[in-house]
Amino acid sequence: MSKEDIGITVSKEDDFSEWYTQVVLKAKLADYAPVKGLIVLRPDGYSIWESLRNTFDKKFFKNGIRNGFLPVLIPESLLGKEKKHFAGFNPEVFWVTHSGENEIGDRLALRPTSETLAYTLYSKWIQSWRDLPLKINFWNTALRAEIKATKPFLRTSEFLWQEGHTVHATKEEAEEEVMKILEIYKNTVEDELAIPVVIGKKSEKEKFVGAVYTTTMESIMPDGKALQMGTSHFLGQNFSIPFEVKFADKDNVEHFAWQSSWGVSWRLIGAMIMIHGDNKGLVLPPKVAPIQVVIVPIYNSEETKKIVIPKAREIQEKLSSENIRVHFDDRDELTPGYKFNDWELKGVPIRIEIGPKDIEKQSMMVAKRYNKEKTSIQFDNIKNIVSILDEIQKQMLESAKIQSEKNTRKVDSYSEFKSKISDGGFFNAYWCGNQECEEKIKEETSADIRVIPFDSEDTSGKCMYCQKQSTCKPVFARGY
RNA sequence: GGGAUCGUGGUCUAGCUUGGUAUGAUACUUGCCUGGGGGGCAAGUGGUCGCAGGUUCAAAUCCUGCCGGUCCCA
């Protein structure tokens, strides 16, 4: 193996797909499981998920949401209670048909999503207006048999996610919840993962099967394809009626409740890899990085080693006391050069080099992963590392925003759209609101309506497909 | 759903056409030298050739089925 064959061997620009897979595997985030479409998370990958989970949990809790646990098996009779919902999920359900040697009469689904199971329970738990609102979130996995080619984090037959299920006395309150959650999703993804998103509604065609409407956040990836980053659904009474989730109101009249459900998955990790990674490998935003700062000591003799190591340990202690997640790479058998490349592949936001030359000057070299800048910082100014990490986090979001804007275009005519769609990107274009046009566009260009941004109701234009008066201006794109 | 392609020590790979004890690099272990961008020398460990059948005196190699990966098209 030559030097060029170590690390990532293709460039992000030339072969995006291969680049992505290599980053996932070589940065040791995940590996393939022995079953088609399933992956295994390794600690560096799982840490990112844990970090996101902690952030979401804090925000959910503030919003009065608590966590629960649901089992993975759902009887077919339950899953089929809401007909559209069932029809939508049925093609990709894994079925458990046997327990040991015995065939199971009412076969069991490995949950593709838990609405039906949760609401069966909810109907038992809710009787009075005093029981509302009921807001529970579940951290678990969902299983959907993928026919399409799978890709770690982006499309797998089992994925980690959270699914929240809330029940409210009024329509207004449920809709408010849908929006609150979408807001939490948006600010978490932007603040933690440094990924800009566009929020809005899904079209009727693209909404969650069984929902009244679906709100979504969408991002554009560097290869020009759109990725759905999370959805928050207003379920209305579509589930509360078949599942009899009802309550006696203050006037002692029984009402069906109003519901919301919402989820984000480890897809967010995939998006983070694609958006920020480069030809050296992963680039982690500081807030979710399992290791934020790595210290690489440099020495060329036993004597210098004796000076360098204690100083490096001291720096480690100081950073640690500033609540920075710091790692001291004391592997003696590897050269500094090897370590630099290794930590760059893993995406650690800041690398500190400390060697004899630095100690003479009472300083250390600080290298930023995301822009490869190297600066010397005095030992006395070590607390600056905290603000440098903040700075990196902000700048990563800024540059992601610039990328995203570059990938967003306005088009006036369908011919213009057709000629540009293969370049990828988000396209803002007028639409009449008619599903036929939406389907034709999908058929002819394989692009669909990713999101209809809020406040994009717009009757000032003409549908790019049929030329009738527009109702809104959605974002069209080819998606993952 | 349709098509193409791949699977050989941890990783990458030669060998396969024309069947005969599996090649090289890297990684790993030990020792010495090294050390500011993927170090050097020496010795050593490590392989059910994806799985299961079949053909054959003999299969990594030929045949069939399955499993898994990747890409393209719908």
Side-chain angles (χ1 to χ4, degrees), chain A residues 1-10 14-28 30-40 42 90-92 145-158 223 225 278-281 294-309 311-312 315 329-346 348 350-361 363-369 371-377 421-422 424 439-448 478-480:
Chain A
M1 220 187 292
S2 73
K3 196 167 150 181
E4 288 70 36
D5 292 333
I6 312 172
I8 309 299
T9 60
V10 295
D14 294 346
D15 191 346
F16 187 76
S17 190
E18 169 70 14
W19 168 87
Y20 174 83
T21 306
Q22 284 197 16
V23 172
V24 170
L25 297 177
K26 293 186 175 178
K28 299 185 178 174
D31 205 347
Y32 293 104
V35 179
K36 181 180 166 58
L38 303 187
I39 62 166
V40 174
R42 305 179 71 172
N90 192 32
E92 45 190 31
E146 278 298 343
I147 305 155
K148 291 184 178 183
T150 55
K151 203 91 185 149
F153 296 116
L154 300 178
R155 181 175 290 118
T156 49
S157 287
E158 182 184 24
D223 63 347
K225 287 203 235 172
D278 63 20
N279 289 332
K280 284 287 207 170
V294 63
I295 301 172
V296 178
I298 292 155
Y299 42 84
N300 49 28
S301 65
E302 280 305 310
E303 290 79 63
T304 49
K305 186 176 170 182
K306 273 181 198 150
I307 303 164
V308 168
I309 299 281
K311 190 69 200 176
I315 297 296
D329 188 352
D330 61 354
R331 292 177 293 179
D332 196 38
E333 66 280 8
L334 297 172
T335 61
Y338 183 91
K339 292 178 185 177
F340 295 168
N341 285 288
D342 195 31
W343 293 111
E344 279 164 4
L345 175 60
K346 290 186 156 188
V348 175
I350 289 179
R351 179 183 71 243
I352 293 179
E353 306 164 20
I354 300 173
K357 288 186 235 164
D358 304 295
I359 290 178
E360 266 177 41
K361 292 182 286 181
S363 69
M364 56 200 174
M365 289 304 298
V366 175
K368 294 182 204 165
R369 175 66 182 88
N371 65 0
K372 302 186 178 79
E373 255 177 43
K374 249 168 126 167
T375 49
S376 181
I377 288 184
I421 185 66
S422 49
E439 276 162 8
K440 285 285 180 196
I441 292 167
K442 168 87 180 175
E443 235 177 81
E444 292 169 20
T445 66
S446 70
D448 45 26
R478 286 179 180 163
Y480 266 91

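Protein chains get the first letters and strands the later ones, always in sequence-line order, with residue 1 at the start of each.
- One C1' atom belongs to B:U56, the other to B:C12, and the distance between them is 33 Å to the nearest Å.
- Contact between the side-chain N/O atoms of A:K36 and the OP1/OP2 oxygens of B:G69 is found at a separation under 4.0 Å.
- Of the residues A:V296, A:V366, A:V294, the one that meets the side-chain contact (heavy atoms from CB on, under 4.5 Å) test with A:I352 is A:V366.
- Going from the P atom of B:U30 to that of B:U70 covers 36 Å, rounded to whole Å.
- A:K442 comes within 4.0 angstrom of no nucleic acid atom, judged by non-hydrogen atoms across all strands.
- When both pairing distances are held under 3.5 Å, B:G20 makes a Watson-Crick or G-U pair with B:C57.
- Applying the ring pair (Phe, Tyr, Trp, His ring centres under 6.0 Å) test to A:Y20 and every residue at least two apart in sequence or in another chain returns nothing.
- Residue contacts for A:P356: at a heavy-atom cut-off of 4.0 Å it reaches a base atom on one of the strands shown.
- Between A:Y299 and B:U34 there is no side-chain polar atom (N or O) within less than 4.0 angstrom of OP1 or OP2.
- Heavy atoms of A:D31 sit nowhere under 4.0 angstrom from any nucleic acid atom.
- Taking atom CD on A:E18 and atom C1' on B:C72, their separation rounds to 15 Å, with Å as the unit.
- Under the Watson-Crick or G-U wobble criterion, with both distances below 3.5 Å, B:G65 is paired with B:C51.
- To the nearest whole angstrom, the two C1' atoms, one in B:G1 and one in B:A59, are 36 Å apart.
- Base pairing of B:A74 is not made with any nucleotide, judged by Watson-Crick or G-U wobble geometry with both donor-acceptor distances under 3.5 Å.
- B:U11: Watson-Crick or G-U partner is B:A25, with both key distances under 3.5 Å.
- The residue A:E344 sits close to a base: some heavy atom pair falls under 4.0 Å.
- You won't find any donor-acceptor pair under 3.5 Å spanning the side chain of A:D342 and the base of B:G38, going by distance alone.
- Using a 4.0 Å heavy-atom distance criterion, A:R351 is classed as a base contact.
- Here A:T335 does not reach the OP1 or OP2 of B:G38: none of its side-chain N or O atoms lies under 4.0 Å away.
- Residue A:K151 places at least one side-chain N or O under 4.0 Å from the OP1 or OP2 atom of B:C71.
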